[in-house]
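First the structure, in the form of structure tokens, and then the observations on it.
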Amino acid sequence: MEGRKTYFASDFHLGLAAGTDPHEREQRVIAWLDRVSADAGSIWLLGDVFDFWWEYRKVIPKGFTRFLGRLSALTDRGIEVHIFTGNHDMWMFGYFEEELNIPVYHEPITREWNGKRFYLGHGDGLGPGDHGYKFIKKVFRNRLCQILFSMLPASWGIGLANYFSGRSRHA
């Protein structure tokens with residue numbers, strides 16, 4: 001959109017209970033979206049928007065209603081919203097595209113604006129080293145592992161993921 005701005009943000013970790021109230025965190029993100037929407041042409045969310053996100057076939061994580069509604073309102077107004085998956089929310093399987101009209105990127109991309117090239121993505125595991133994380137990332141992105149995880153009832157799967165996320169933070 002001519003004359004409109006492009007905004008970038010990442011690592012909101014919506015739903016994270018450690019350190020701040022999750023509802024307050026969501027309200028702060030919504031307030032930011034409201035401010036930038038006045039002159040935004042596009043908004044790029046570069047991963048870890050959620051502290052945990054898993055889409056079952058008919059279930060998405062509880063919460064985030066106001067945030068998801070705000071994203072939907074933005075796209076309805078013609079503001080482009082783009083989301084990259086991060087290491088905490090890599091399990092996006094169609095909800096954002098189908099329900100919110102938001103493209104989801106699972107790998108970094110390159111875009112050009114005003115003659116300048118930008119490399120966009122979350123960035124986790126892209127550099128050298130961190131072989132342990134890179135191995136776990138391959139397991140988490142493995143289709144068979146995803147199918148097996150999706151066979152768990154939603155309350156078990158989400159509870160298990162939140163438990164391990166909390167242990168990981170504590171460590």
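On a predicted model such as this, the values are computed, not experimentally measured, just so you know.
- Distance check, rounded to the nearest 0.5 Å: CE of M90 to NE2 of H122 gives 9.0 Å.
- A distance of 5.5 Å separates CD1 of I43 from CH2 of W32, quoted to the nearest 0.5 Å.
- R141 CZ: more than 12 foreign heavy atoms inside a 6.0 Å radius.
- Minimum interatomic distance between V49 and L45 (heavy atoms only, all atoms of both residues): CG2-CB, 3.7 Å.
- Of all the heavy atoms in T75 and L100, the pair that sits closest is OG1-O, 3.0 Å.
- Residues F93 and W54 have side chains in contact (heavy-atom distance under 4.5 Å, counting atoms from C-beta outward).
- V104 is not listed as a side-chain neighbour of Y95, based on a closest heavy-atom distance of 4.5 Å or more.
- Remark: side-chain polar atoms of S150 are paired, donor with acceptor, to backbone N or O of I147 under 3.5 angstrom.
- With values rounded to the nearest 0.5 angstrom, W53 atom CH2 is found 8.5 Å from I83 atom CD1.
- Between Q27 and D21 the shortest side-chain heavy-atom distance does not fall below 4.5 Å.
- Relative ring orientation between W113 and W44 is described as perpendicular, the plane-to-plane angle rising above 60° on a 0-90° scale split at 30° and 60°.
- From T85, atom OG1 reaches atom CZ of F96 across 11.0 Å, with rounding to the nearest 0.5 Å.
- To the nearest 0.5 Å, atoms CG (L71) and CD1 (I102) are separated by 4.5 Å.
- Salt bridge absent: R70 and E26 never bring a charged side-chain N and a carboxylate O closer than 4.0 Å.
- Under the 4.5 Å side-chain criterion, counting only non-hydrogen atoms from C-beta, D51 is not in contact with L14.
- Here CG of L120 is found 5.0 Å from CZ of F84. Values are rounded to the nearest 0.5 Å.
- Scanning all heavy atoms of the two residues, the minimum distance from S37 to L74 falls at CB-CD2, 3.4 Å.
- Classification of the H88-H13 ring pair by plane angle, with boundaries at 30° and 60°, yields perpendicular.
- Smallest separation of non-hydrogen atoms from Q146 and F140: NE2-O, 3.1 Å.
- In this structure the side chain of Y7 reaches within 4.5 angstrom of the side chain of D39, judged on heavy atoms.
- Of all heavy-atom pairs spanning G15 and F64, the tightest one is N-CE2, 3.6 Å.
- Contact record, H82 with P103: ND1-CG, 3.4 Å, taken as the closest heavy-atom pair.
- Between K138 and F135 the shortest side-chain heavy-atom distance does not fall below 4.5 Å.
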Worked verdict on F50 versus M92 for side-chain contact (heavy atoms from CB on, under 4.5 Å): CA-CA 11 Å; F50 303 95; M92 295 181 178; 4.0 Å; yes
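- In this structure, Y105 is a member of the same hydrophobic cluster as L46, with clusters built from ILVMFWY side-chain heavy atoms closer than 4.5 Å.
- Taking the centre of each ring, F149 and W91 stay at or above the 6.0 Å mark.
- Side chains of N87 and K137 form no contact here, defined as non-hydrogen atoms less than 4.5 Å apart.
- Between K5 and V36, every side-chain heavy-atom pair lies at or beyond the 4.5 Å cut-off.
- Surrounding NE2 of H106 are more than 12 heavy atoms belonging to other residues, nucleotides or ligands, all under 6.0 Å away.
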